[in-house]
Amino acid sequence: MSDLDQLYQQVILDHSRRRTGEGLESAGSRHTAENHQYNPTCGDEINVRVSLDEAGDRVESLTWEGDGCSISMASASVLSEMAPGMSMGEFATTVDQFREMLRSRGQIEPDEESLGDAAAFAGVSKFVARVKCAMLAWVAAEEAAKEAAL
Amino acid sequence: MSNSTRQNSPSATGPLDDTKVRSLLQDFPILARQDGEDPLVYLDTGATSQNPSAVLDAERDYYEHSNSAVHRGAHSLAVTATDAFEDARRTVADFVGAAENELVWTSNATEAINLVAYSFSNASAGLGGPEAERFALGPGDEIVTTEAEHHANLIPWQQLAARTGATLRYIPLGEDGLLDEDAAQDIVGPATKVFAFTHVSNVLGSVTDVPRFVRLAKKYDALTVLDACQSVPHMPVDFGDLGVDFAAFSGHKMLGPTGIGALYGRYDLLKSMPPFLTGGSMITKVTMDEAQFMEPPMRFEAGTQRVSQAVALASAVRYLDEIGMENVHAWEAELGRRLAEGVSQIDGVRLLGPAPGTERAGLVSIDVHGVHPHDVGQLLDSKGIAVRVGHHCAQPLHRRLGINASTRASAYLYNTTADVDRFLDALGDVRPFFGLGGASDGERQ
Ligand SMILES: Cc1ncc(COP(=O)(O)O)c(C=O)c1O
């Protein structure tokens with residue numbers, strides 16, 4: 001597979017067009033927070049809203065609204081499919097794993113078991129300029145989740 | 001000054017065509033085609049240009065044979081360096097229709113525009129005495145710019161307005177992708193003190209009717225500031241003939257190195273303006289309490305100057321002069337036409353700015369329906385085609401066009417029609433690659 005095809009894996013192209021979780025859902029619980037991230041180099045932006053369960057230890061829903069490239073939109077879509085149901089611990093570990101994979105410049109083989117569809121973003125790590133795109137929604141979600149847990 | 005047996009002249013001169021451009025390519029190490037390699041198609045000159053060996057050699061030659069402090073010291077190397085520096089100033093001033101004392105060296109166009117804005121700001125604070133009062137702004141005064149500006153010709157004016165209490169207004173972009181001339185007639189008026197506008201838009205490629213705007217400004221005694229970043233490298237420009245009061249351009253967009261640009265200012269204006277940056281090299285007499293300043297242009301050149309860059313920029317200007325700016329302009333007009341017509345024929349691609357057939361520089365910006373510019377640029381890059389994606393430092397303009405970002409292809413004298421065709425071919429593949437067919441199915445499900 002060429003680098004380009006690794007970057008634009010079918011999973012990514014599909015998610016960028018048929019998006020999950022798009023449209024901010026109104027707060028389900030008191031543990032709800034929103035975070036906005038902006039990439040000034042390309043103008044991509046995203047708002048992610050995370051709701052936790054009543055106890056504040058499990059992600060109940062993750063929805064978003066944004067405008068950006070296929071990579072940033074697909075990564076938001078994949079995340080909102082994966083996150084609901086995760087405990088806060090699992091969620092944090094998954095975000096860390098995703099970040100580590102993206103920063104590895106193609107050196108880390110993704111753990112498809114734990115990353116699921118997000119493993120498709122491994123090809124992005126070879127394109128340093130696009131790592132930010134893939135991280136945009138995840139950073140917003142990480143911040144929103146922290147705040148929601150308070 | 002130069003010892004060199006190096007070939008410093010362009011490998012082709014006179015009216016340009018594909019064959020001549022292919023010979024010119026030998027002058028550019030970074031673009032030189034190597035057998036077997038997929039040649040780079042560089043269509044990002046709007047951001048920064050590539051350098052011919054003549055320019056790289058000139059900078060090295062300066063360091064090998066002339067390097068020393070200019071305008072300081074009496075040893076003979078210092079004289080050689082000062083001569084090289086001032087010779088460079090004459091060459092570049094000549095190139096843009098300025099007298100040598102009307103050309104101030106800056107780091108780039110951004111600094112040149114800031115220099116004007118801060119000098120006005122200082123005048124507004126009372127510096128520069130009665131002579132400088134004509135540059136002072138305050139509440140009730142207006143600064144006019146346009147919706148098509150690069151941030152470099154917008155934010156310094158926003159800041160000047162904020163510091164002085166003046167009001168910033170702008171001329172909107174019309175539906176035809178050109179600045180609205182009728183609106184300009186209404187907006188520029190007795191309250192206008194400064195009218196700052198671009199010569200050639202770095203996004204739209206459109207060309208401003210400068211004499212017309214200058215006449216309008218003169219009617220109200222407003223000072224004009226021209227952003228000539230995208231004109232000076234690409235067409236014959238004579239600031240004296242255009243009648244503007246100030247103009248800014250950058251060396252790195254015209255075959256020169258980074259770190260050097262210039263401000264043009266009419267001498268009678270520069271002469272009464274207070275300095276912006278202050279310190280060494282711009283003073284005559286200094287006491288612990290105050291200082292007297294040199295005449296322009298040195299008044300505006302504080303500190304150790306960018307001598308090797310100035311020398312290299314002069315070499316770039318000689319290179320361009322030998323080819324002839326008329327010829328550069330004619331060739332780029334042809335490439336611009338081919339680009340504009342070509343992109344207009346691709347399904348789902350919208351040409352931003354004036355329609356094909358309207359005067360344009362050798363550049364196009366486009367919106368590809370359903371595909372983000374970042375993704376367009378990535379696909380083109382995978383085929384060896386370098387274009388710019390993003391807002392090109394013109395966020396308000398993009399907002400006006402209803403988008404956040406666009407894809408821009410900008411040509412120079414080293415681009416062939418084959419480069420344009422490779423870009424167009426690759427662009428035609430973009431939407432199919434992302435699973436989009438005709439013009440209408442760009443919507444997401
Ligand atoms: C129209 C225009 N104005 C101003 C600038 C700023 O030039 P520089 O960054 O060299 O100061 C640019 C270049 O990006 C430009 O295209």
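Because the structure is a prediction, the values reported are computed rather than measured. The sequence lines fix the lettering, A, B, ..., with proteins before strands; numbering per chain opens at 1.
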Worksheet item: In this structure, are over 12 heavy atoms from other groups packed under 6.0 Å from I30(B) atom CD1?
Response: no
Worksheet item: More than 12 foreign heavy atoms under 6.0 Å from CD of Q158(B): is that the case here?
Response: yes
Worksheet item: Taking side chain as C-beta onward, heavy atoms only, is Q378(B) less than 4.5 Å from L7(A)?
Response: yes
Worksheet item: How many angstroms lie between CZ in F434(B) and CD1 in I12(A), if you round to the nearest 0.5 Å?
Response: 10.5 Å
Item to complete: Quick one: pull up CZ in R17(A) and CG in L436(B) and give me the separation to the nearest 0.5 Å.
Response: 4.5 Å
Practice prompt. Could you tell me whether R103(A) atom CZ has more than 12 heavy atoms of other residues or ligands within 6.0 Å of it?
Written response: no
Worksheet item: Which value, rounded to the nearest 0.5 Å, describes the distance between C133(A) atom SG and H372(B) atom NE2?
Response: 8.0 Å
Discussion item. I'd like to check D381(B) versus L4(A) (side-chain heavy atoms, cut-off strictly below 4.5 Å). Are they in contact?
Written reply: no
Practice prompt. Measure the spacing between CZ of F127(A) and OG of S382(B) and express it to the nearest 0.5 Å.
Written response: 8.0 Å
Worksheet entry | Contact origin within D3(A) toward chain B - heavy atom pairs under 4.5 Å | neither
Item to complete: May I ask you to decide if R130(A)'s main-chain N or O and H374(B)'s side chain share a donor-acceptor pair within less than 3.5 Å?
Response: no
Fill in: Taking every non-hydrogen atom, the tightest pair across D5(A) and F433(B)
OD1-CE1, 3.9 Å
Discussion item. Tell me the closest heavy-atom pair linking S70(A) and D375(B), and the distance in Å.
Written reply: N-OD2, 2.6 Å
